[in-house]
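Here the structure is laid out as structure tokens; the discussion comes afterwards.
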Amino acid sequence: MNDNFAIQLFEGKKVRIVWDAEQEKYYFSVVDIVQVLTDSTNPTDYLKKLRKRDPELGTFLGTNCPQVEMLTFTGKKKLTLASDLQGIFRIIQSIPSKKAA
């Protein structure tokens, strides 16, 4: 990974993104995507419950979603559960939300 960090706005909410030049793809913060789709005040907890409710998703996240270094909203670098675009679509399918439809 290199230092190609970005924070994008989607419906007024921040989503962290990083470009991986070696793999030539973007990685998106899974927790940020969950927060955008659910409007949850605690998206990390929502994701934990979602993983318990959908064991197949839990396995998918554990296998296909690496911890990627991203900037926090305070500007610090931290390992964050991330996924490429294909993985984000799989996560979106598991969230019961009008925004995910």
Side-chain angles (χ1 to χ4, degrees):
M1 294 276 171
N2 57 24
D3 288 340
N4 288 325
F5 301 104
I7 296 176
Q8 300 291 322
L9 289 179
F10 179 78
E11 294 189 0
K13 296 187 173 82
K14 296 177 181 177
V15 177
R16 292 170 288 168
I17 301 170
V18 67
W19 171 252
D20 184 338
E22 286 181 21
Q23 303 220 5
E24 296 185 346
K25 60 183 167 180
Y26 285 99
Y27 283 93
F28 302 84
S29 166
V30 173
V31 172
D32 294 352
I33 297 294
V34 168
Q35 202 282 324
V36 166
L37 293 175
T38 65
D39 292 325
S40 173
T41 56
N42 189 342
T44 303
D45 190 46
Y46 187 98
L47 184 59
K48 286 179 187 177
K49 290 177 183 175
L50 188 63
R51 289 173 99 164
K52 287 182 183 178
R53 199 171 51 231
D54 185 348
E56 188 177 306
L57 177 67
T59 301
F60 176 84
L61 291 173
T63 305
N64 299 297
C65 296
Q67 295 283 328
V68 175
E69 189 175 72
M70 292 188 171
L71 289 177
T72 65
F73 297 122
T74 59
K76 298 179 183 177
K77 292 181 182 178
K78 182 179 176 183
L79 289 178
T80 304
L81 185 66
S83 183
D84 62 10
L85 194 55
Q86 182 179 7
I88 291 299
F89 285 133
R90 169 61 180 94
I91 294 163
I92 289 170
Q93 291 174 338
S94 299
I95 297 176
S97 168
K98 291 179 183 178
K99 293 180 183 180

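Because the structure is predicted, anything quoted here is derived from the model rather than measured. Along the sequence shown, residues carry numbers from 1.
Expressed to the nearest 0.5 Å, how far CZ of R51 lies from OG1 of T59 amounts to 9.0 Å. For the atom pair Y27 OH and S83 OG, the distance stands at 8.0 Å (nearest 0.5 Å). How far CD of Q86 is from CG of N64: 8.0 Å, rounded to the nearest 0.5 Å.
Taking a 6.0 Å sphere around OH of Y26, one finds it holds 12 or fewer heavy atoms contributed by other residues, nucleotides or ligands. Enclosure of atom CD in Q67 by more than 12 non-hydrogen atoms of other residues, nucleotides or ligands within 6.0 angstrom is indicated.
Salt bridge absent: K13 and D32 never bring a charged side-chain N and a carboxylate O closer than 4.0 Å. Comment: D84 engages K25 in a salt bridge, judged by a side-chain N to carboxylate O separation of less than 4.0 angstrom.
A pairwise comparison of heavy atoms in S40 and Q35 identifies O-NE2, 3.3 Å as the closest pair. Smallest separation of non-hydrogen atoms from V68 and A82: CG2-CB, 3.7 Å.
Relative to the six-membered ring of F73, R16 meets both conditions, a distance below 6.0 Å and an angle of at most 45° to the axis.
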- Task: For R90 and E56, run salt bridge (Lys or Arg N to Asp or Glu O under 4.0 Å): C-alpha distance rounded to whole Å, both residues' side-chain angles, the deciding distance at 0.1 Å, then the answer.
- Result: CA-CA 11 Å; R90 169 61 180 94; E56 188 177 306; 3.6 Å; yes
- Run the numbers on L57 and L50 for side-chain contact (heavy atoms from CB on, under 4.5 Å), then give the verdict. CA-CA 8 Å; L57 177 67; L50 188 63; 3.6 Å; yes
- Worked verdict on T44 versus N42 for side-chain contact (heavy atoms from CB on, under 4.5 Å): CA-CA 6 Å; T44 303; N42 189 342; 3.8 Å; yes
- Query: Can you check side-chain contact (heavy atoms from CB on, under 4.5 Å) on T41 and Y46, steps first, answer last?
  - Reply: CA-CA 9 Å; T41 56; Y46 187 98; over 6 Å; no
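Partners of E24 according to the salt bridge (charged side-chain N to carboxylate O under 4.0 Å, His left out) rule, which considers only residues two or more places apart in sequence or in another chain, do not exist here.
Put simply, the side chain of I95 reaches to within 4.5 Å of the side chain of V34, judged on heavy atoms.
Each of L79 and L47 belongs to its own hydrophobic cluster when Ile, Leu, Val, Met, Phe, Trp and Tyr are linked at side-chain heavy-atom distances under 4.5 angstrom.
Among L37, V30, V36, the one residue that satisfies the side-chain contact (heavy atoms from CB on, under 4.5 Å) test with I33 is L37.
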